[in-house]
Structure formats: structure tokens, C-alpha cells
Amino acid sequence: RIQSIGPAARTRIPAGAVRIEGRGRYLMPGLSEMHAHVPPNPADVQWTQDVLFLYAANGITFARSMLGAPHHLDLRARAERGDIVSPRIYAAGPSLNGNSVASPAAAHAMVARQKVAGYDTLKIHPGLDRARYDAIVRAARSHKISFGGHVPEAVGLNRVLEARQATVDHLDGYMEMLLREGAQPKAEAGFFGFNLVDQVDEGRIRQAARRTREAGVWNVPTDSLIHHVLLPEPSTAEMERREEMRYVPRPMLAQWKQARAGLQSQAGYDPDRARRFVRIRGKLIKALHDEGAGLLLGSDAPQWFNVPGFSLHRELAYLIDAGLTPYQALATGTRNVSRFLGTPDEFGTVRAGSRADLILLEANPLQDVGNLRRSAGVFLNGRWLPQSRIEAGLAAIADRYKQ
């Protein structure tokens, strides 16, 4: 915890304390990755350790893991104790989707099991019909556990808002809500509604944002995912040359390249339509913010050229491109997260009594969020991780995955 804040000359320093020079530097709350993925296979011990380190190395001190597995509960405990270099983990349970949930009765049973197991939240995935989704909602309310994630197509965003799902991730379901009056939607909405982009009425964006705020539902846009998969620029070759790709296993990078090529080769894909899709999403993000609907920072890493930790810096830049100020963008990954969880004094601000989840920077991030890359070190629940150790850890990961 942060014990006290005050002038150096009048602040009592406990005997034996580690002193860190902050002169000329900037102290800010640690960042939260609100759509993170912790590797699901317990046998992938090294890759799991590397993913968690990459998050921490980039100033991420809290990660909402959005596709759960039983061993994540042990990782959560180890991270809390400081046994591993990792952000604190907020663990979703295994996916609730059209394949895993066989019936409304099965939905009740799965929710109960995940609550007893100790997961923090439930992950909603596609494929659920209205009956099974409604059963999950009832069970979640009964067991007092939150639920968030996707908007199943058969359920729709209207019902998700009515159910007060904790989060909508990827802006899922909004393109369907923005369809112009009398539009006949295509049989397949495509990648988060991409196939519907020509039928969208942008005049409905403000109303959709207002309804979201009235429902109290938060959004995790993960706009970097959309940029990296759908936009023709930068090219795949240019993204492959990004410095952070050194920290990704070569087979995984090959899968990302194949997935991007597959999406961009589908019938109906057009670069100009992709640009319009991204532009509409940016308008929606800005409208959600302006209407007071909650926004949370998340990038869906590791996934499709989103390298853990590094992708969150890109996500912040895209939020600013959408019209948020640097302060407003940073708030989505700091104070907003603690508000979302109902613990506004617990973390996300620099104040006495809050958790010591902090980043020490060499330059002011309010002037340029790119300064987040100029770290002097990170505090993980009060444990100091200096930049020298971060750089050594990154070098080891790069060496592990070099060709």
C-alpha cells in the first residue's frame, strides 16, 4: 500500500526502506489490461510466464483474463503473493458459449460450478440462444457473479443492455443496433459486424451511446484488434517488423499472418469499407465517452499482432485518434477500472491507502501517451521492478523465440 505522500523533508521514511530517485520523473497508476488472455494450456509454463512478464514490463499491474482455465486460479494466487512477475489477475471462468452450454439447466450448473471454484467473473461467447443466455443471467444474479464479453447474435445488444451485462467487449453488437431504418441485415454479420457497415446509419450512434450509459454497461473496445486485422495499413510485413514481434513464438506469428490474410481475402472485404468500419467505431467510442458510458482499456492480447503489454500502448493511441484526450484515454486503464469494480479507492489513483500498483516514467504521459514506453520501473503490488530487470527479462524472451 501507499503509506503516505508528502514533501521529502517532512515525510517519515521507515528504516531499511528502499529509496528510488524520482526527481524529474513522473509517477502514475499502473495500467489495467481489461481484455487479457492468460495462456489456457497449463503445460505451456514458459509461454505463460513470458506473457505475464510482458504485461508487467509494460506497466500493466492488473489483468482481466477473459478466457479461463483452472490453473489460472493458482496463477492468480501466485501473482498476489509475488511468487511470479505478473500483474494481479482477475480471472474469468471457462467460456460459456453455444457449444459448452447445452441447455438452460446446464447454464445454471456451469455458473454454479464457476462460482464455487472461485472465478471472479463469467465469460460470454457467441453461439448462445436467448433461452440459454437468460438462464446464465438468472444464475449469475443468484450466485452474485458478474458476466461480460461478447453479444451472441441470437441475443442481440438490446437484450444484453437490458440484462446489464457488466461489459460488452470489442463493441460487439453495435453495428446491428446502428442499422438504418428498414435495412435488411445480411445473413452473416461478419467480424464484429463488418459485413453490415454499408447499412449503418451514423445518426444512431449518439442514441446507442445514451442507451448504453442508461443501462450502466461498460465497453472494452479492443480497437487495436480491429486495426491490425482489417485495415490494409500497415501491411503484414510492416507489422511483422515491429520490435515487439521479437517476443512472440514464430509459429504463433505465422498463425496471425494466416488469420489476417484469411479475413482480408473473404468475399465482401474491401479496404475502403474497412476504413469506414474503423471510422464508425471511432465515432462510437467518442460518443460513448461523451455520453458518460464507461470505457475500459483492453486490447485482446496475445491475439493477431497484439503482443501482450505493447498492444495496450497502441490501444491508447487509437483511443486518442477517436477523440479522447491523453488524460481521458489513460483513465480508461486506471481510475475507470477501479470504479467499474466498485472499489474506487483500491487502485487506479496515486493516493495514500491505495495499492502500490504504479509506473515510474521518464517523461509526462499527459503530454504524449508514447512516454509510457519510457519507463524507469514498475511497482507490482508494492514490489519494485526496475527497468534494468525489465530489459534483462525482455532480452531473455527475445532470445527464446528468435528464429
Side-chain angles (χ1 to χ4, degrees), residues 32-45 47-48 51-52 62-81 83-84 86-156 159-170 172-173 216-218 220 222 296 298 300 302-303 337 340-343:
S32 295
E33 164 62 273
M34 292 300 282
H35 197 108
H37 285 288
V38 175
N41 186 349
D44 290 340
V45 175
W47 174 234
T48 299
V51 166
L52 295 175
F62 184 90
R64 179 174 171 247
S65 177
M66 285 300 285
L67 189 58
H71 71 286
H72 291 176
L73 300 175
D74 177 60
L75 288 171
R76 182 181 65 186
R78 293 172 64 197
E80 185 71 25
R81 292 194 303 265
D83 296 344
I84 53 177
S86 169
R88 289 185 291 123
I89 296 172
Y90 189 83
S95 170
L96 298 168
N97 60 66
N99 294 322
S100 66
V101 182
S103 66
H108 279 276
M110 287 184 69
V111 171
R113 286 197 300 272
Q114 292 194 21
K115 174 67 176 182
V116 170
Y119 292 103
D120 298 301
T121 190
L122 308 172
K123 171 63 182 286
I124 304 296
H125 247 143
L128 295 166
D129 58 20
R130 177 68 180 266
R132 285 177 286 175
Y133 179 83
D134 287 351
I136 291 169
V137 173
R138 290 192 297 271
R141 299 284 184 245
S142 174
H143 291 284
K144 295 181 172 56
I145 185 169
S146 65
F147 54 100
H150 289 249
V151 174
E153 189 172 356
V155 175
R159 170 57 184 145
V160 164
L161 295 179
E162 180 185 59
R164 296 182 180 271
Q165 184 168 303
T167 64
V168 170
D169 295 54
H170 321 293
D172 200 2
V217 173
W218 293 67
V220 189
T222 69
L296 299 168
D300 200 354
Q303 183 83 275
V337 177
F340 164 72
L341 294 172
T343 58

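Nothing here was measured: the structure is a model prediction, and the numbers come from that model.
Across every non-hydrogen atom of Leu96 and Leu128, the tightest pair is O-CD1, 3.6 Å. In terms of heavy atoms, Val137 sits closest to Ala163 at CG2-CB, 4.0 Å. Smallest separation of non-hydrogen atoms from Met34 and Met66: O-CG, 4.0 Å. Here the shortest heavy-atom pairing between Arg164 and Gly216 reads NH1-N, 3.9 Å. The shortest heavy-atom contact between Ala112 and His143 is CB-NE2, 3.6 Å. Of all the heavy atoms in Ala154 and Asp129, the pair that sits closest is CB-CA, 4.1 Å.
For the atom pair CG of Asp44 and NE2 of His71, the computed distance is 8.0 Å after rounding to the nearest 0.5 Å. Distance check, rounded to the nearest 0.5 Å: OG1 of Thr48 to CG of Asn41 gives 7.5 Å. In this structure, CG on Asp300 lies 9.5 Å from CG on Leu67, to the nearest 0.5 angstrom. The NE2 atom of His108 sits 13.0 Å away from atom CZ of Arg113, with the distance rounded to the nearest 0.5 Å. Within the model, atoms CH2 of Trp218 and CG of Leu341 stand 9.0 Å from one another, a figure rounded to the nearest 0.5 Å.
Of the possible polar contacts, none joining the Lys123 side chain to the Gly93 backbone as a donor-acceptor pair under 3.5 Å is found. Proximity of a side-chain donor or acceptor of Gln114 to a complementary backbone N or O of Pro94 within less than 3.5 Å is detected. A donor-acceptor pair is defined here as one N or O able to donate and one able to accept, closer than 3.5 Å; such a pair exists between the side chain of Thr121 and the backbone of Ser146. With Arg132 contributing its side chain and Val101 its backbone, the two residues share a donor-acceptor pair below 3.5 Å. In terms of modelled atom types and a separation under 3.5 Å, the side chain of Ser32 and the main chain of Ala63 share no donor-acceptor contact.
By the 4.5 Å heavy-atom criterion applied to side chains, Val38 and Val51 are not counted as neighbours. Side-chain contact between Ser65 and Tyr119: absent, with no pair of heavy atoms (C-beta onward) separated by less than 4.5 Å. Within the 4.5 Å cutoff, the side chain of Glu153 has no heavy atoms near those of the Pro126 side chain. Using a 4.5 Å heavy-atom threshold, the side chains of Leu52 and Ile84 count as touching.
Ion pairing of Arg138 with Asp134 is absent here, as no side-chain N (NZ or NE/NH1/NH2) approaches a carboxylate O to less than 4.0 Å.
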Show your working on side-chain contact (heavy atoms from CB on, under 4.5 Å) between Val168 and Val151 and close with a plain yes or no. CA-CA 7 Å; Val168 170; Val151 174; 4.0 Å; yes
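Looking only at atom types and distance, the side chain of Thr222 has a donor-acceptor partner in the side chain of His170 under 3.5 Å away. No hydrogens or angles considered: nothing links the side chains of Glu33 and Tyr90 as a donor-acceptor pair under 3.5 Å.
His150 and His125 have tilted rings, their planes meeting at an angle from 30° to 60° on a 0 to 90° scale.
Results of the side-chain hydrogen bond (donor to acceptor under 3.5 Å, both in side chains) test with Asp120 over Arg76, Arg64, His72 single out Arg76 as the only residue that passes.
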